Amino acid sequence: MIEKNYQPADIETRMSRLWEDAGAFRAGRPERRDAKPFTIVIPPPNVTGSLHMGHALNNTLQDILCRFERMRGRDVLWQPGTDHAGIATQMVVERQLTERQEHRRQIGRAKFLERVWQWKAESGGVIVNQLKRLGASCDWSRERFTMDEGLSRALIKVFVALHRDGLIYKDKRLVNWDPKLLTAISDLEVQQVEVKGSLWYLRYPLEGKTFNPEDSSTFIVVATTRPETMLGDTAVAVHPDDERYAALVGKHVILPLVGRKIPIVADEYSDPEKGSGAVKVTPAHDFNDFEIGRRHNLPQISVLDQEGCLALAGNEDYLRGLPEGSAQLVEEFDRVERFAARKRIVARLEDFGFVERIEPNTHAVPHGDRSGAVIEPYLTDQWYVDAKTLAQPAISAVRSGATAFVPKNWEKTYFEWMENIQPWCISRQLWWGHQIPAWYGPDGKVFVAETEEEAVGNALGYYAEQEVITQEQGREMALDPAKRADFIKRDEDVLDTWFSSALWPFSTLGWPDDDTDVKRYYPTDVLVTGWDIIFFWVARMMMMGLHFMKEAPFSIVYIHRLVRDEKGAKMSKSKGNVIDPLGVIDDYGADALRFALARGAAHSHDIKLSSQLVETNRNFATKLWNACRFAEMNGCAMPPEFDPARAKETLNRWIAHETSRATREVTEAIEAYRFNDAANAIYRFVWNVYCDWYLELAKPVLMGEDGAPKTETRAMVAWARDEILKLLHPFMPFITEELWAVTSKRDGLLALAPWSRKADPLTPEQLALMATASPNDALLPPVLSALDTADFSDSAAEAEIGWVVDLVTAIRSVRAEMNIPPATLTPLVLAGASAETRERAQRWNDVIRRMARLGDISFAASAPEGAVQLLVRGEVAALPLKGVIDLSAEKARLDKEIAKADADIKRVDAKLGNEKFVANAPEEIVEEEKEKREAAVARKAKILEALERLKNAA
RNA sequence: GGGCGCGUAGCUCAGCGGGAGAGCACCUCGUUGACAUCGAGGGGGUCACAGGUUCGAUCCCUGUCGCGCCCA
């Protein structure tokens, strides 16, 4: 029995349990051992995360694909899991510590990690449960975490292998340093933010001249946005072609306040159009200056510490070669925070007349995407991946089509980035993450190995050989970690979280320990993600997958757009416009949310979501619910031997025809990743075809006398309903599974039911195809069956029911226009009807009368006088409404119709009159135009007759 | 500065070479045998603008304007 009201919350809870208990989403089900696998790896959400609309969209689309392919008979593996999210998670736990007046450095690394794991155990399951509420059909028994033992082993193996091949190396260069989080971050984690600041024009005195602010020949003016870094300047650069400064190149300036003598160099980086045309060069604190420094062999003087404070005292690089008097400056500015230092240094410079002017200036300032702090280019030792080398196969794979982006234009973005890729900084000065498998000896020599034993063994062997230690000392240290603690130290840093995510498509499958699943499920079929992580994740999975598996990790990358609020603004906590998917699910159900997202998932637009939109889709679910109730109340059930293709009743053949069409549309749209088209096709079919017409037209039969027509119609109502449930299941899994269960006794779950139903026995050709298809071929029986159904068509049924629909629509339309109250039953006269029309009218008498609010239907040679005359499929349907209707209004209506017909004729004539059109256009187009003209002319003639009769009536 | 995308009904968007579409909103009518979370009907658009290609352009090309995003 179907409940009276649709209650999503109740249904969704029960269906989740049903799927769980049945193990419906398990990959490798025994009965599908011979089926072709279909694999998707989930973009692992952060363990710290909770479900937001982006997740909801991303996972809805993946689920549609997985459920679709599962129904098509594939052995689906949707691999779930979560990401340890180094920085984000560490921040969460640190915040908790702060609340308790603690700090990670106080409690130490081991204790801190214990706390993080504890936190993960308590809260890490939140997002997984939220994904389940959305209906995600992942194989939850295979859930993975990027810091699982197996995944960690994969990571170490990868690191060691890449290091051995020289693709991972340590380097001292400028990194993006986050002074708040105290770690390096990669280029991608830096956001450029336009900031209103200033451009300071500073006078740098020329060596050998007495500085005089009034005399421009005694100094050179440099423009800078960061005056505080001037303490670390080691040159001034001008453009080689800049004539203003040509004479000064090779000369020196005396750095104000500091007193250091630094050269003026010619470098093309300086832009003569910008600022003064001369720039100060601070190789240790600016990426461009670093490059200038390299080109001119300049010293690198770092004047900041990790926290972004000036570090001058004891700074050998800084102090080297400075005059006596500079000690005072050290005292004044040492340990001053960078932005305070900026103000104070500018003030000092002004005291001495070194500041020429200050201009307002808007420029891009790098910020950390996690901390929001202004990023400091900072000179440190870090680990890097040689991304340029790894990128080459990843570029080729997309060029060759082995991996394709959908929509295709994202490939351009991918190429742009991959072809200009920079070394990837992978070390992070954090505690939460995979600690780098590198150990250092006392002289800083690095030993990289998969295990500590191996690394220590190598190191001790090396130092013994170098006679740094004796063989005996080596043996002791090898046996006792305490004894070697001061001699060999492990690298404290951890790896970028994205380094482990890059391995996700194969590390989750058991690589390197067990390759059974790798063989079966790798490479995966589709990756579904947002464009914002193409670089972070997709590109890196491509690199790692190709390098280690020798095959691209997926053949399709489907890129979807963002979910925005109803006004198109990005959802953000600070704006307060965040729509919480769980709240929406509570209010309208997961199915409604999923359907709203799927219907909006067009290729080239972000999705604008409002709760009203979700409500609309909940209403659709209710509509379906009630349609199924109607079927039930009318005893609609499908006998097992029922074959829709053998139906006798025209109406039933018509709905079989329409169902086939819908099946084809939905299938093709999903195959093309046009989720919105697929969802809209099924929406329209359910509401505007099945409910609005089929069930309405079937009512008289269902409520009439028992007999063959009624029996067949009951079966067909049930058959089409089942087809709908199947077509809709990938989009609205909960309600369809529930309705599937309560509408009939079923062999199994809808989630595992075949995608379509066999309409006809397979043809010999199809049977032959099946026999020769390899077990791994995508075209397994369910797909062939779907093609069968999709191919069912019946143009005779279409013509007949189409006529009924047109007639009813035309009558309704004119009644509304003429303000005829529904209670008024008007007679209908079919004028000059063909034998076929007469038969149809008799067959559909009840239905037409009910739906069009008619009295009786009769036939006549011509329309009665003063009747409203409608043209339906070339024949006149008349409503004798003399006295009821306004004759002049009716004349106006017909005049309008004539005008329309005339316009059509004129347009077609213009075309057909054009010799070039007739000569150049394809034959069928010309033929079509001729038919259109004939139709319009015929229409016009009929309306003219109608007008004539109207005149007679007047 | 380089790149990508988008300007179609009041709103959100489909369509992307041969007669302008959907959903929502709006207006009118409706206690008609599943559904008022509903039904029926209706109005509303020089498809941003200007050139070009074509027998034919909302659709392809070029340019302009406007909006958004990415990279530097």
Side-chain angles (χ1 to χ4, degrees), chain A residues 2 4-6 187-188 191-192 271 287-288 364 407 409-413 415-417 420 531-532 534-535 561-562 564 566-570 588 592 596 599-610 612-613 615-634 636 674 676-677 679-681 683-684 687-688 691-692 695-696 699-700 702-703 717 808-823 825 849-853 900 903-904 907-908 910-922 924-926 928-929 932-933 935-936:
Chain A
I2 304 178
K4 171 99 172 63
N5 292 313
Y6 166 54
D187 299 345
L188 288 175
Q191 306 270 296
Q192 299 293 337
D271 181 353
F287 286 99
N288 291 310
N409 50 297
W410 290 109
E411 288 179 5
K412 179 142 188 157
T413 309
F415 290 135
E416 287 290 321
W417 190 69
N420 296 294
W531 51 266
D532 48 338
I534 292 178
F535 306 144
R561 307 297 295 231
L562 256 42
R564 295 172 175 274
E566 55 204 292
K567 295 192 196 87
K570 213 167 171 171
Y588 304 107
R599 290 181 71 198
H603 280 181
S604 59
H605 278 277
D606 287 348
I607 300 175
K608 289 177 189 151
L609 190 78
S610 61
Q612 192 207 35
L613 193 68
E615 191 181 345
T616 302
N617 289 287
R618 189 274 321 269
N619 294 351
F620 171 70
T622 308
K623 183 75 181 176
L624 173 72
W625 187 263
N626 284 309
C628 292
R629 276 183 64 222
F630 172 80
E632 183 181 67
M633 290 160 107
N634 285 282
C636 296
R674 286 183 289 108
N676 56 330
D677 287 347
N680 284 319
Y683 179 97
R684 221 164 298 160
W687 205 311
N688 304 118
C691 292
D692 286 351
L695 293 184
E696 290 303 326
K699 277 178 182 174
L702 293 172
M703 288 159 193
V717 166
V808 169
T809 305
I811 297 170
R812 279 172 170 173
S813 177
V814 78
R815 286 179 63 111
E817 243 174 85
M818 304 265 158
N819 285 319
I820 298 164
L825 302 185
R849 288 200 347 242
R850 188 174 58 82
M851 295 185 79
R853 313 290 304 150
K900 259 194 228 166
D904 280 356
R907 191 176 39 72
V908 176
K911 273 194 178 184
L912 291 174
N914 182 342
E915 281 172 32
K916 287 179 179 171
F917 170 74
V918 181
N920 293 322
E924 66 262 29
I925 296 289
V926 177
E928 257 174 50
E929 292 295 327
K932 278 182 206 163
R933 185 177 193 284

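Residue numbers start from 1 in every chain, and the chains themselves are labelled A, B, ... in the order their sequence lines are given, proteins ahead of strands. This is a predicted model, so every value here is computed, not measured.
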* Pick base, sugar-phosphate or nothing for S610(A), based on heavy-atom distances below 4.0 Å to the nucleic acid. => nothing

* N-O pairing of E929(A) and K932(A) below 4.0 Å -> yes

* Does the cation-pi check pass for K699(A) over F630(A), that is, NZ or CZ under 6.0 Å from the six-membered ring centre and within 45° of its axis? -> yes

* To do: Ignoring backbone atoms, test whether K932(A) places a side-chain nitrogen or oxygen under 4.0 Å from the OP1 or OP2 oxygen of rG19(B).
  => yes

* Asked: rC16(B) and rC59(B): how far apart are their C1' atoms, nearest whole angstrom?
  -> 4 Å

* Asked: Counting N and O atoms only, with roles assigned by atom type, does the side chain of N914(A) sit under 3.5 Å from a partner on the main chain of K916(A), one being a donor and the other an acceptor?
  -> yes

* What nucleic acid atoms does E929(A) come within less than 4.0 Å of, heavy atoms only: base, sugar-phosphate, or nothing? -> sugar-phosphate

* Within this structure, what is the CG-to-P distance between N617(A) and rC38(B), rounded to whole angstrom? -> 12 Å

* Has the side chain of R618(A) got a donor or acceptor atom sitting under 3.5 Å from an opposite partner on the base of rU37(B)? -> yes

* Asked: Under 3.5 Å, side chain of D606(A) to main-chain N/O of L562(A), donor-acceptor pair present?
  -> yes

* Asked: Mind checking the C1' distance from rG44(B) to rG3(B)? Whole angstroms is fine.
  -> 38 Å

* To do: Find the distance N676(A):CG to rG21(B):C1' and express it as a whole number of Å.
  => 14 Å

* If only atom types and distance count, is the side chain of R850(A) paired as donor or acceptor with the main-chain N or O of E696(A) below 3.5 Å? -> yes

* Beyond-backbone contact of K4(A) with R629(A), side-chain heavy atoms, under 4.5 angstrom -> yes

* Pairwise C1' distance for rC29(B) and rG45(B), with rounding to whole Å -> 26 Å

* Asked: Phosphate oxygens OP1/OP2 of rC55(B): is one of them under 4.0 Å from a side-chain N or O of N914(A)?
  -> no

* OP1 or OP2 of rC38(B) under 4.0 Å from side-chain N/O of K623(A) -> no

* What integer number of Å spans the C1' atoms of rG5(B) and rG41(B)? -> 39 Å

* Determine the Euclidean distance between corresponding P atoms of rU58(B) and rU12(B); express it in Å to zero decimal places. => 23 Å

* R815(A) CZ - rG42(B) C1' separation (whole Å) -> 16 Å

* To do: Counting heavy atoms from C-beta on, name the nucleotide in rA34(B), rC4(B), rU32(B) closest to the side chain of M703(A).
  => rA34(B)

* To do: Quickly work out the I811(A) CD1 to rA40(B) P distance and round it to whole Å.
  => 15 Å

* To do: Could you tell me whether the phosphate oxygens of rU37(B), OP1 or OP2, come under 4.0 Å of any side-chain nitrogen or oxygen in N626(A)?
  => no

* Asked: Reckon C628(A) touches a base, only the sugar-phosphate, or nothing at all at heavy-atom distances under 4.0 Å?
  -> nothing

* Per the atom types in the model, does the base of rC4(B) pair as donor or acceptor with the side chain of K412(A) at under 3.5 Å? -> no

Nucleotide N/O of nucleotides 22-28 of chain B paired with protein N/O under 3.5 Å:
{"from": "rC24(B)", "atom 1": "O2'", "to": "Q612(A)", "atom 2": "OE1", "distance (Å)": "3.2"}
{"from": "rC24(B)", "atom 1": "O2'", "to": "Q612(A)", "atom 2": "NE2", "distance (Å)": "3.4"}

* For E924(A), which contact category applies under a 4.0 Å heavy-atom criterion: base, sugar-phosphate, or nothing? -> nothing

* **Side-chain heavy atoms of T809(A) within contact of R812(A), under 4.5 Å** => no

* Asked: In whole Å, what is the span from the CG atom of L695(A) to the P atom of rC35(B)?
  -> 13 Å

* Asked: Mapping R674(A) and N634(A) to their closest nucleotides on RNA chain B, which lands nearer the 5' end?
  -> R674(A)

* Asked: Rounded to the nearest 0.5 Å, how far apart are CG of N619(A) and CH2 of W687(A)?
  -> 6.0 Å

* Asked: Does any donor-acceptor pair link the side chain of K4(A) with the base of rA34(B) at a separation under 3.5 Å?
  -> no

Using a cut-off of under 3.5 Å, enumerate the N/O to N/O pairs linking the protein to nucleotides 70-72 of chain B.
none

* **Gap in Å between the two C1' atoms, one belonging to rC49(B) and one to rU37(B), rounded** => 44 Å

* To do: Mind checking R907(A) for me? I need base, sugar-phosphate or nothing, with any heavy atom below 4.0 Å counting as a touch.
  => base

* Sub-3.5 Å donor-acceptor pair from the side chain of N819(A) to the main-chain atoms of R815(A), do we have one? -> no

* When rounded to the nearest Å, what value does the distance between C1' atoms of rU62(B) and rG68(B) take? -> 23 Å

* To do: May I ask you to verify if any side-chain N or O of K900(A) is less than 4.0 angstrom from the OP1 or OP2 atom of rG19(B)?
  => no

* Asked: Just how far, in rounded Å, is P of rA34(B) from CD of E632(A)?
  -> 13 Å

* **Length of the CG-P vector between D692(A) and rG41(B), whole Å** => 9 Å

* Asked: Is any side-chain heavy atom of T413(A) less than 4.5 Å from a side-chain heavy atom of W531(A)?
  -> no

* To do: Please report, rounded to the nearest Å, how far the P atom of rC35(B) is from the CZ atom of R629(A).
  => 6 Å

* Please confirm whether the backbone N or O of Y588(A) pairs with a side-chain atom of E615(A), one donor and one acceptor, at under 3.5 Å? => no

* Can you check whether Y6(A) reaches L624(A) side chain to side chain, under 4.5 Å on heavy atoms? -> no

* Asked: Which dot-bracket string fits RNA chain B when only Watson-Crick or G-U wobble pairs with both atom distances under 3.5 Å count, crossing pairs get [ ], and | stands for a partner on a different strand?
  -> ((((((((.[[[[.)..(..]]]].(((((.......))))).....[[[[[..)....]]]]]))))))).

* Identify whether any heavy atom of D904(A) sits under 4.0 Å from a base atom; if not, whether one sits that close to sugar-phosphate; answer base, sugar-phosphate or nothing. => base

* Kindly say whether N680(A) contributes a backbone atom to a donor-acceptor pair with the side chain of R599(A) at under 3.5 angstrom? => no

* Structure fact -> Quick note, N920(A) side chain, CB onward, closest among rG18(B), rA34(B), rC55(B) is rC55(B)

* Which whole number of Å gives the distance between the C1' atom of rA72(B) and that of rU53(B)? -> 36 Å

* Within the structure shown, what part of the strands sits under 4.0 Å from P821(A) by heavy-atom distance: base, sugar-phosphate, or nothing? -> nothing

* From CD1 (I607(A)) to CG (N676(A)), nearest 0.5 Å -> 8.5 Å

* **Base of rG41(B) paired with side chain of R812(A) (donor-acceptor, under 3.5 Å)** => no

* Asked: So, the side chain of R933(A) versus the backbone of L912(A): is there a donor-acceptor pair under 3.5 Å, distance only?
  -> no

